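Data first, discussion second: the structure below is written as structure tokens.
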Amino acid sequence: METVVSGIRPTGNLHLGNYFGALKNFIKMQNEYNCYFFIADYHSLTTHPHPDDLHGNVKSILVDYLAAGLDPEKCTLYVQSDVPEVIELYLFLNMNAYIGELERCATFKEKVRQNPQNVNAGLLTYPTLMAADILLHKATKVPVGKDQAPHLEMTRTFGNRFNNIYGVDYFKEPQAFNYGGELVKVPGLNGSGKMGKSEGEGNAIYLNDTPEDIRKKVMKAKTDGGPTEPNQEKPEAIKNLFQLMSIVSTPDTVAFFDEQYNKCAIRYGDMKKQLAEDMIKFVAPFSEKIKAISADDAYISKVTKMGAEKARESARKTIQEVREIIGFKPF
Ligand code: TYM
């Protein structure tokens, strides 16, 4: 059976980008593959979270995952820092990762642009830690959104380089996976091309948002003065609204507003009202479950212990084999 690995940084609750870019596939894949899904708390240290926030954020993601339907009996659901073996693989991979290629990584450049005052070594070597996450379980499939494609490319490079240096055929090439479809990029509400926690105020809709939160954010979403000619090409912000609508609304609803747009009769206020109601309908089933699971600390503790045990078993095996390949041998 093929192995699947995917992770998420604990920066708060899950938003629709996380859901449609990744989680939706996890829920399906756990029935078909040997899956490892983890919360990347080591990765999140690049932004220096407060200790209380770190713990709380890990819990939020875990609860959201469980509420969304990840079943810890079917998949291995774990917290990255519960499996410290990954750090050893990270170190080994760092020895074969070149500064130049790390500096050229599109996501690194983007982070430097966003936070020029905090360009730390962890940020530079983020792709090697991510490669270690994936190679640790020898995954071949990685369900992720489009933004993670450059990291997957680097993971293949690091795995292949390890194989070449040591003359082995040990690591397989992992591929980004979306059931044969294109990788997804869910846009934000404030004109940003990507829904994300760090993309600005009001950009993201979270699974635990209240109906009022959602209405407020959607009504504020960026639009323009409206089309002036029939069948005019949609500007970026309007395309984004339509794309968001296509993930939560029925095809008939999207077709209706598309027709209105093409006839220059669109009322963005009506479109946003509809979009907000459809988003509210989408997140409603999650919020009740999130509340219930969040209150059950014993269950959360059980889930993380079970996940850590299963993940460490696989991790230890890889580390032992990798150590032997590298030439670390017991005396
Ligand atoms: P992160 O925490 O930014 O996001 C988690 C997952 O959600 C997807 N995603 C999106 N997909 C579509 N549209 C969006 N607007 C959107 N925003 C987020 C991401 O693509 C991702 O799949 N580096 C990773 C975490 C990670 C990881 C790994 C992933 C660490 N190690 C190993 C896979 C395998 C990240 O920062 O994702």
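By convention here, the first residue in the shown sequence is residue 1. Treat the numbers as computed from the prediction; the structure is a model and nothing was measured. Read the numbers this way: they start at 1 and go in the same order the structure lists the ligands and their atoms.
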Yes or no: does Tyr126 have any heavy atom under 4.0 Å from an atom of ligand 1?
yes
Centre of Phe171's six-membered ring, under 6.0 Å away, within 45 degrees of the axis: is that where NZ or CZ of Lys138 sits?
no
Classify the contact between Ser6 and ligand 1 as side chain, backbone, both or neither, using a heavy-atom distance cut-off of under 4.0 Å.
both
Would Gly196 count as a contact of ligand 1 if the rule is a heavy atom under 4.0 Å away?
no
Evaluate side chain to side chain contact (heavy atoms under 4.5 Å, CB included) for Asn18 paired with Ile61, printing each intermediate quantity in order.
CA-CA 11 Å; Asn18 299 135; Ile61 299 281; 5.8 Å; no
For atom 24 (C) of ligand 1, grab the closest protein heavy atom and report residue, atom and distance to one decimal in Å.
Gln148 OE1, 3.4 Å
Tell me which part of Lys146 gets within contact of ligand 1: side chain, backbone, both or neither, using heavy atoms under 4.0 Å.
neither
Could you check, using the six-membered ring where one of them is a Trp, whether His137 and Tyr78 have ring centers closer than 6.0 angstrom?
yes
Record the part of Phe20 in heavy-atom contact with ligand 1 below 4.0 Å; permitted values are side chain, backbone, both and neither.
neither
Can Ser287 and Asn208 be counted as having a side-chain donor-acceptor contact under 3.5 angstrom?
no
Short question: side chain of Gln232, backbone of Glu229 - any donor-acceptor pair under 3.5 Å?
yes
Quick one: does ligand 1 sit under 4.0 Å from the side chain of Asp147, the backbone, both or neither, non-hydrogen atoms only?
side chain
Number the atoms of ligand 1 from 1 as they appear, then name those within less than 4.0 Å of a heavy atom of Met195, with their elements.
14 (C), 15 (N), 16 (C), 17 (N)
With a heavy-atom distance limit of 4.0 Å, tell me whether Leu23 approaches ligand 1 through its side chain, its backbone, both, or neither.
neither
Please confirm whether Lys197 comes under 4.0 Å of ligand 1, counting heavy atoms of the residue only.
no
